[in-house]
Amino acid sequence: MNPTCGTQLFELPIETTEGKFIARYSEKGLSGLEFPAGADSSRAKTVKAAIPRPIRNWHRAASQALARVLAGKAPGKLPPLDLSSGTDFQRCVWTALQKIMPGQTRGYGEVARLIGRPKAVRAVGGACGANPIPVLIPCHRVLAANRKLGGFSGGLDWKRALLAREGVSFSR
DNA sequence: TAAGTGCGTCGTT
DNA sequence: AACGACGCACTTA
């Protein structure tokens with residue numbers, strides 16, 4: 001069904017000022033990022049196999065990029081991203097999201113127009129919610145109409161915090 | 001103004 | 001066929 005099925009995945013922690021994120025890698029690149037688990041559910045996911053050289057490099061890049069975005073800055077160099085879990089539509093949305101610079105925001109409707117499907121507004125919301133690499137793929141910069149907050153799969157507190165770091169204001 | 005309702009719309013499951 | 005991280009028009013308070 002999905003091509004990443006059956007391939008070896010590596011899960012490695014990224015310690016940040018905001019807590020311990022978990023990065024997931026396939027042989028093609030960074031395939032997922034998880035927010036810190038709420039109550040230190042210590043899911044250390046220690047990898048038994050040796051970590052391949054390329055993945056270590058990707059992890060270093062991802063860690064630095066994450067730190068930068070959490071600080072409200074541009075991510076800088078990103079490791080290759082493995083977005084193969086998504087549909088064509090979702091990848092299209094995720095690509096559009098990566099063009100939104102820190103401190104900038106777009107509306108769900110605006111993103112829909114940007115990708116050439118002005119009426120697929122609600123579907124864009126769905127694609128944002130399915131974003132496997134939040135923060136680095138900045139779905140938090142997508143607001144609802146009237147600059148309202150909209151939703152966030154990682155919890156609205158994260159969305160507020162990330163936007164605050166970037167100096168973005170929004171309506172309540 | 002603010003909050004609630006209804007409906008259009010469309011990708012995903 | 002049902003369900004959304006939506007948008008818009010419209011109604012109430």
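Order of the sequence lines fixes the chain letters, A, B, ..., with proteins taken first and strands second; residue numbering starts at 1 for each chain. Reckoned from all heavy atoms, side chains included, excluding hydrogens, waters and symmetry mates.
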What is the distance, rounded to the nearest whole Å, between atom [atom1] of [X] and atom [atom2] of [N]?
| X | N | atom1 | atom2 | value |
| --- | --- | --- | --- | --- |
| A/Lys159 | C/dC6 | NZ | C1' | 11 Å |
| A/Lys119 | B/dC10 | NZ | C1' | 10 Å |
| A/Gln90 | B/dC10 | CD | P | 17 Å |
| A/Lys148 | B/dT1 | NZ | P | 12 Å |
| A/Trp94 | C/dA5 | CH2 | C1' | 14 Å |

To the nearest 0.5 Å, what is the distance between [atom1] ([X]) and [atom2] ([Y])?
| X | Y | atom1 | atom2 | result |
| --- | --- | --- | --- | --- |
| A/Met101 | A/Glu166 | CE | CD | 10.5 Å |
| A/Arg56 | A/Leu12 | CZ | CG | 10.5 Å |
| A/Ser169 | A/Leu143 | OG | CG | 9.0 Å |

Checklist outcome for this item: Note, DNA chain C 5' to 3' with Watson-Crick or G-U pairs under 3.5 Å encoded as ( ), [ ], | and . gives ||||.||||||||
Checklist entry - Do you know the tightest heavy-atom contact between A/Trp94 and A/Ala127? => result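 Here A/Trp94 and A/Ala127 meet closest at NE1-O, 2.9 Å.
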Checklist outcome for this item: Heavy atoms of A/Ile100 and A/Arg141 approach each other most closely as O-NH1, 2.6 Å
Next on the checklist: When you group the ILVMFWY residues by side-chain heavy-atom contacts below 4.5 Å and let the links chain together, are A/Val168 and A/Leu156 in the same group?
Outcome noted: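 Same hydrophobic cluster.
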Checklist entry - Taking a hydrophobic cluster as the set of Ile, Leu, Val, Met, Phe, Trp and Tyr residues connected by side-chain heavy atoms closer than 4.5 Å, whether directly or through intermediates, do A/Leu114 and A/Val121 fall within one such cluster? => result no
Item to check | Check: A/Phe35 ring centre within less than 6.0 Å of A/Trp158 ring centre | outcome: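 Yes; A/Trp158 has its ring centre under 6.0 Å from that of A/Phe35.
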Item to check | Residues from residues 164-172 of chain A lying under 4.0 Å of DNA chain C - heavy atoms | outcome: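 When residues 164-172 of chain A is checked for heavy atoms under 4.0 Å from DNA chain C, there are no hits whatsoever.
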Next on the checklist: Main chain of A/Asn146, side chain of A/Ser171: is a donor-acceptor contact present, judged purely on distance under 3.5 Å?
Outcome noted: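 Such a contact is found between A/Ser171 side chain and A/Asn146 backbone.
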Next on the checklist: I'd like to know if the side chain of A/Arg68 reaches the main chain of A/Ala74, judged simply by a donor and an acceptor atom lying under 3.5 Å from each other, with no hydrogens or angles considered.
Outcome noted: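 Yes: the side chain of A/Arg68 pairs with the backbone of A/Ala74.
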Checklist outcome for this item: With B for base contact, S for sugar-phosphate-only contact and - for none (protein heavy atoms under 4.0 Å), nucleotides 7-13 of chain C reads SS-----
Checklist entry - When A/Ile137 is tested against each of A/Leu81, A/Leu78, A/Leu30 for side chain to side chain contact (heavy atoms under 4.5 Å, CB included), which residue passes? => result A/Leu81
